[in-house]
Amino acid sequence: MKPPVILYKTLPDDLLTRLESHFTVTQLKDLSPETIKQNAQTFAEAEGILGSSEKVDKAFLEHTPKLRAASTVSVGYDNFDVEALTERQIVLMHTPTVLTETVADTMMTLVLATARRALEVAERVKIGEWKGSIGADWFGIDVHHKTLGILGMGRIGLALAQRAHFGFNMPILYNARRHHQEAEDRFNARYCNLDTLLAESDFVCISLPLTDETYHLIGAEQLAKMKSSAILINAGRGPVVDEKALIQALVDGTIHAAGLDVFEQEPLPVDSPLLSLPNVVALPHIGSATHETRYNMAACAVDNLIAALSGKVKENCVNPQVLK
Ligand SMILES: NC(=O)c1ccc[n+]([C@@H]2O[C@H](COP(=O)([O-])OP(=O)(O)OC[C@H]3O[C@@H](n4cnc5c(N)ncnc54)[C@H](O)[C@@H]3O)[C@@H](O)[C@H]2O)c1
Ligand SMILES: O=C(O)[C@H](O)CO
């Protein structure tokens, strides 16, 4: 008999077929308490789950006594209680690498869009305000040769450094828990402490995961250390930045602008003050959202679940200690 698994995300047909060739698949819309209540037996029998953007915590695990593997269609896994999964010997799989370049492209999009005010002035054109030669009140600021600071020099941080160094001749600063030799050798990146990075960067770019350590890493105190001409880019996770403090800093002119792909609450509430600030570019968490990359992430997640439930994991495991 094929192991029963729960799929809580829509997959392209060919990938669903691949999943079904290995498992008995039950497709559900989410992992909410209501869905669990309506499908208690399915959760009680499930040996695997595959999907994204749902909380998998201790309370959830109580409903899945036979669970052996969880496969998330994302690289970030902050919505999983990794400790609880590990305690239960449940393998957690994620999708790094396949999305790295696309997310770095998104970050560069935010750098360019905020600095050149692309969305704001395009909107002015659309509403008929372009009636003659534009004046300084439509100007942006340069990106090339400016200093780009990276918080989170991992896979995505490195791909961003590559773009900034080769594409835009930008000096790169980074703060990390240790020196990153490849970033220093290939992109001339300079390691510095957080305060120096904040003080010297024209763009402070966040590609950090959300952890206890990174929660609200950037608050009022840190924003005050940035140049008033600097721009904050966040494509890591919303709660890495204290959003209230950021709004205040943008209103007060403590910093120049912000380009955000992630927020403390997603979807961003329509009444968020961020949406009425002209110096904010807010994207709906589209870091990896291209047809190609989302397909590759889904394919990776399917392969990950197959590997995890057949004891053949070679890569992409968040808690490899359970494999021993
Ligand atoms: N916006 C999006 O759609 C999107 C897409 C993909 C990933 N992400 C986010 O980006 C994150 C990074 O992805 P990645 O593939 O580059 O992961 P990664 O693990 O390769 O890189 C993360 C880096 O952050 C560093 N780090 C962690 N905690 C730190 C701390 N306290 N201080 C300094 N450095 C610290 C790690 O050492 C690592 O180098 C993901 O965890 C996810 O939250 C967002
Ligand atoms: O972590 C990731 O892969 C992205 O944020 C998509 O959720």
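As the structure lists them, so they are numbered: ligands from 1, and atoms in each ligand from 1.
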For atom CG of Asp137, is the number of surrounding heavy atoms from other residues, nucleotides or ligands below 6.0 Å larger than 12?
yes
Closest protein heavy atom to atom 5 (C) of ligand 1, given as residue, atom name and distance to 0.1 Å:
Val103 CG2, 3.4 Å
Closest approach of any protein heavy atom to atom 17 (O) of ligand 1, naming residue and atom:
Arg155 NH2, 3.3 Å
For ligand 1, is there an atom lying under 4.0 Å from some heavy atom of Val75?
yes
Non-hydrogen side-chain atoms of Ile247 and Leu250 separated by less than 4.5 Å
no
Which residue holds the protein heavy atom closest to atom 9 (C) of ligand 1, what is that atom called, and what is the gap in Å?
Gly236 O, 3.4 Å
Under a 4.5 Å cut-off applied to non-hydrogen side-chain atoms, are Leu112 and Phe168 in contact?
yes
Write out each pair where an N or O from ligand 2 and one from the protein are under 3.5 Å apart, with the distance.
| from | atom 1 | to | atom 2 | distance (Å) |
| --- | --- | --- | --- | --- |
| ligand 2 | 1 (O) | Gly76 | N | 2.8 |
| ligand 2 | 1 (O) | Arg237 | NH2 | 2.8 |
| ligand 2 | 3 (O) | Val75 | N | 2.7 |
| ligand 2 | 5 (O) | Arg237 | NH1 | 2.8 |
| ligand 2 | 5 (O) | Arg237 | NH2 | 3.3 |
| ligand 2 | 5 (O) | His285 | NE2 | 2.7 |

State whether the shortest distance between N or O atoms of Ile156 and N or O atoms of ligand 1 falls below 3.5 angstrom.
yes
N or O pair under 3.5 Å between Asp261 and ligand 1
yes
Go through the steps to decide whether Lys227 and Asp202 satisfy the test side-chain contact (heavy atoms from CB on, under 4.5 Å), and finish with yes or no.
CA-CA 7 Å; Lys227 298 180 189 180; Asp202 296 302; 2.9 Å; yes
Indicate yes or no: at least one non-hydrogen side-chain atom of Ile231 is less than 4.5 angstrom from one of Val111.
no
Under 4.0 Å from any heavy atom of Met153, which atoms of ligand 1 are there?
39 (O)
Give a yes or no on whether Lys244 atom NZ has more than 12 heavy-atom contacts from other residues, nucleotides or ligands under 6.0 Å away.
no
Please state which protein non-hydrogen atom is closest to atom 31 (N) of ligand 1 and give its distance, to 0.1 Å?
Glu213 OE1, 3.0 Å
I want to confirm something. Looking only at heavy atoms, which of Ala289, Pro209, Gly154 is nearest to atom 24 (O) of ligand 1?
Pro209
Atoms of ligand 1, numbered as shown, that sit under 4.0 Å from any heavy atom of Val262
1 (N)
Kindly indicate, with the supporting measurements, whether the criterion side-chain contact (heavy atoms from CB on, under 4.5 Å) is fulfilled by Gln162 and Arg186.
CA-CA 8 Å; Gln162 180 183 30; Arg186 291 179 60 201; 3.6 Å; yes
Identify the closest protein heavy atom to atom 42 (C) of ligand 1: which residue and atom is it, and at what distance?
Arg237 NH1, 3.7 Å
My understanding is that we take every heavy atom of each candidate and find the minimum distance to atom 11 (C) of ligand 1. Doing that for Ser207, Gly76, Gly287, which one comes out nearest?
Ser207
What is the nearest protein non-hydrogen atom to atom 34 (N) of ligand 1, stated with its residue, atom name and distance?
Leu208 CD2, 3.4 Å
Polar contact flag, side-chain donor to acceptor under 3.5 angstrom, Thr109-Thr106:
no
Modelled atom types, side-chain donor and acceptor of Glu184 and Tyr174, under 3.5 Å:
yes
Does Thr214 reach ligand 1, in the sense of a heavy atom lying below 4.0 Å from it?
yes
Can you pull out the closest protein heavy atom to atom 8 (N) of ligand 1? Residue, atom name and distance to 0.1 Å, please.
Ala235 O, 3.7 Å
Check the angle between the aromatic planes of Phe166 and Phe187 and answer parallel, tilted or perpendicular using the 30° and 60° thresholds.
perpendicular
Evaluate Glu47 against Lys66 for salt bridge (Lys or Arg N to Asp or Glu O under 4.0 Å), listing each step before the verdict.
CA-CA 5 Å; Glu47 293 182 37; Lys66 295 189 179 167; over 6 Å; no
Ignoring hydrogens and angles, state whether a donor on the side chain of His216 or Glu243 is under 3.5 Å from an acceptor on the partner side chain.
no
Should the heavy atoms of other residues, nucleotides or ligands under 6.0 Å from CZ of Arg294 be counted, would the total exceed 12?
yes
Nearest candidate to atom 2 (C) of ligand 1, where distance is taken over non-hydrogen atoms, out of His285, His180, Met297:
His285
How close does the nearest protein non-hydrogen atom get to atom 27 (C) of ligand 1, and which residue and atom is it?
Arg177 NH2, 3.3 Å
Charged tip of Arg124 within 45° of Trp138 ring normal and under 6.0 Å:
yes
Could you tell me which residues satisfy salt bridge (Lys or Arg N to Asp or Glu O under 4.0 Å) with Asp57, sequence neighbours excluded, listed by chain and number?
none
Relative to the heavy atoms of Ser288, which atoms of ligand 1 are at a distance of less than 4.0 Å?
3 (O)
N/O separation below 3.5 Å, Gly157 to ligand 1:
no
Would you check the N or O atoms of Arg178, main chain and side chain alike, for any that come under 3.5 Å of an N or O of ligand 1?
no
Over 12 non-hydrogen atoms of neighbours within 6.0 angstrom of CG in Asn193:
yes
